[in-house]
2 protein chains.
Amino acid sequence: MGKPTISDVAKAAGLSVTTVSHAFSGRRHVDPATRERIHAIAQELGYHPSSVAQQLRSGRTGTIALASSMPFAVAAGPSRLGFLMEIAASAAMAAFSRDIALCLIPPQPSPANLNQMGFDGVILVEPERDDPLVRHFEARRTPVVTIGKVPEREDIPAIDLYSAEGTRLLLDHLWENGARQIALLTGASERTSHLEARRIYAEFAATQGFSPQALLLDEAKGEGGAKELVTHLLRDHPEINGLLVPVDAFASGAVAAAKDLGKSIPGELSIATRYDGLRAKLSEPPLTALDLHLSQLAEAAVALLLAHIEGAPGVTPVPVPSLVPRRSSLRREG
Amino acid sequence: MGKPTISDVAKAAGLSVTTVSHAFSGRRHVDPATRERIHAIAQELGYHPSSVAQQLRSGRTGTIALASSMPFAVAAGPSRLGFLMEIAASAAMAAFSRDIALCLIPPQPSPANLNQMGFDGVILVEPERDDPLVRHFEARRTPVVTIGKVPEREDIPAIDLYSAEGTRLLLDHLWENGARQIALLTGASERTSHLEARRIYAEFAATQGFSPQALLLDEAKGEGGAKELVTHLLRDHPEINGLLVPVDAFASGAVAAAKDLGKSIPGELSIATRYDGLRAKLSEPPLTALDLHLSQLAEAAVALLLAHIEGAPGVTPVPVPSLVPRRSSLRREG
DNA sequence: AACCAATAACAAAACGATTTGCATAAGCAG
DNA sequence: CTGCTTATGCAAATCGTTTTGTTATTGGTT
């Protein structure tokens, strides 16, 4: 025999299921003595209301999901500790404090896979233009909010990553610390953070009067691809003495390339990246990066999503990134 | 008008819901032409079967949960990057590849909180004796497997963390690298990993013939508590030249204490910890630790849980920890 | 022409709760 | 004794599927 149901309890108590239901939900008055008895019997039987049945009735699952459209190589990475997991931890806390569970959706799920699960809403991390997951959930009328805007979709509620501001912080820092020919390497996909980085970079180069070198690389190529690309870049353009590489996996590759070429960091080449994760911290030398305040962003995203589910508009202010200067870009005196 | 239901589709197609259901599930034959038409209409209406309704019918939610009974201070930690998240990432992948979603349950949930959500099973990380979460899920007849055995509960399927073996590895290493008076600091809770560490440590001290110094500390006290405790320990027992501190937050505290006292690491004091996470890697000096092969354990746990849900016994072999020697304990030549 | 098997679709009963509208009984004022 | 509340509890509909048992309809055999 499986788990006891409400009617098992009703039967055992000699009452109707209605009364038992009311005794549990408190939506209507039931005689205190009866309620007491019902609870005792339920306890004894080990009865607990089925959440699935409640969900069916109420139309709410009490579950939200967290997904990333980034390729696995970047999103999870070899050490599995990254951006996404940092957000996941905070989001789980934030959701849970509101009596909501958080489901993890690993990178690049098959649509068939996703259909099986019911969420009240989804937080999507760093979506790209025409993101397939956005399409998927919109088709299903599942509310979506994103961390990082969906390009050209101002209508989708989003937590701003302030990529323009962050990029500016990093470029200014590199410049102030003596880099005069700065190159940029971003992911090739059309995510807001990359788009903004390229835009701000172009502006910056124009303002400071150096000739821009902006490279794109497929994110799935990971560290190895970046190493190869940067090796060529540095060989072809020996004048480059600063490198902005927002994708941290790429930054690791860039460091490796510089080492291979015998370029000292930051002596001959300054490097900065975006996400201050394991890679930035453990790099030799450690990489200048941004504190994106991910845990606050995650909390804000949860709040925004829940507001969106409720139909409330809701604007959540979030912090702007701050600079974490490290050895990879500290000023050379020469 | 809410989301379209199966009967909306049936109505639009002039068919019965039965036929539509079969057209989707393929459990019975429906005329290819009709099926085609049904799919077209469903597509147009934006219909997708409600997973909640399917769950109610099938009795399966297709969701498992991951929970830890560790206090937040240890489990999530300041950086939110730890043990648990590393397991979470791998478990999510493993679950997803089997068409199952993984729900994150943050540390120390309220029981009321848990009731709302329906899982087919739960993976519990490092439970302690009489763990409240174990009790909770057992009362609900929700299948549970653990990573790290539940003390005195051989009946609960578990993925072995091989704490005895790991402890022995670390102790042998410390000894071989010159530590002769080794103290032990574990969490005060009764988790298998602590219990085994204490047991093996006692054996080891007896065998090697040094006088054991085994300290306990409430896990919630975190790094600060450990620093204070270790400061006293080192002051009272200047002969101690090795320290085994499995809880990485405590290990950070121990390093801080040693530095405050002006003890050089590893010159005057060798330190080793268990989990090779951010703390161990970023510590100065970096800490000798164990590679617990968490991602393999997580996968094994998922497999074990699913087997358990199916009612199959199933034994999953898992790897034994391996040593990651670092500067904090490298042999001094003196 | 009668019979049987296969095909295509349907009606209705689950799954386990919540919710609404009623029914019965008791208490009390007039 | 009638009428009106208040206190209890129940029956039945509902949520959106899946599944089982059945009914027509067809085509092929003898």
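Order of the sequence lines sets the chain letters (A, B, ...), proteins ahead of strands, with each chain counted from 1. The structure presented is a predicted model; accordingly, all values stated were derived computationally and were not measured.
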Between [X] ([atom1]) and [N] ([atom2]), how many Å, whole number?
X	N	atom1	atom2	result
Asp31(B)	dA8(C)	CG	C1'	7 Å
Gln55(B)	dC15(D)	CD	C1'	14 Å
Leu15(B)	dC10(C)	CG	C1'	10 Å
Lys11(B)	dG16(D)	NZ	P	11 Å
Leu45(A)	dG16(C)	CG	P	14 Å
Leu56(B)	dT14(D)	CG	P	17 Å
Asp120(B)	dC15(C)	CG	P	18 Å
Arg60(A)	dC15(D)	CZ	P	17 Å

Could you pull out all donor-acceptor pairs under 3.5 Å where a side-chain atom in residues 299-318 of chain A meets a protein atom, sequence neighbours excluded?
none

Against Ser69(A), only a single residue in Glu126(A), Arg191(A), Glu128(A) fulfils side-chain hydrogen bond (donor to acceptor under 3.5 Å, both in side chains); can you say which?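 Result for side-chain hydrogen bond (donor to acceptor under 3.5 Å, both in side chains) with Ser69(A): Arg191(A).
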May I ask you to say what Gly14(B) touches in the nucleic acid, namely base, sugar-phosphate or nothing, with a heavy-atom cut-off under 4.0 Å?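 Answer is sugar-phosphate: Gly14(B) comes under 4.0 Å of backbone atoms only.
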With a 4.0 Å cut-off on heavy atoms, is Thr34(B) in touch with a base, just the backbone sugar-phosphate, or nothing at all?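 If one applies the 4.0 Å heavy-atom cut-off, Thr34(B) turns out to touch the sugar-phosphate alone, with no base involved.
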Using the test salt bridge (charged side-chain N to carboxylate O under 4.0 Å, His left out), find all partners of Glu152(B) that sit at least two apart in sequence or belong to another chain.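 Salt bridge (charged side-chain N to carboxylate O under 4.0 Å, His left out) check on Glu152(B) returns Arg129(B).
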Can you list every pair that meets ring-ring contact (aromatic ring centres under 6.0 Å, His included) and has a residue in residues 104-161 of chain A, with sequence neighbours left out?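 Those involving residues 104-161 of chain A do not exist here.
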Does any pair with a residue in residues 32-71 of chain B pass ring-ring contact (aromatic ring centres under 6.0 Å, His included), and if so which ones, sequence neighbours excluded?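 Those involving residues 32-71 of chain B are Phe24(B)-His39(B), Phe24(B)-Tyr47(B).
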What string of B, S and - do you get for nucleotides 18-28 of chain D, 5' to 3', if B is base contact, S is sugar-phosphate-only contact and - is no contact with any protein heavy atom under 4.0 Å? BBBBB------
Taking only side-chain N and O atoms of [X], does any of them lie within less than 4.0 angstrom of OP1 or OP2 on [N]?
X	N	answer
Ser50(B)	dG16(D)	no
Thr5(A)	dG16(C)	no
Thr19(A)	dC10(D)	yes

Could you tell me whether Arg153(B) and Glu138(B) have a side-chain N and a carboxylate O separated by less than 4.0 Å?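 Yes, Arg153(B) and Glu138(B) are salt-bridged.
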Which pairs pass side-chain hydrogen bond (donor to acceptor under 3.5 Å, both in side chains) with one or both residues in residues 8-20 of chain A, sequence neighbours excluded?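 Listed by first then second residue: Ser16(A)-Thr19(A).
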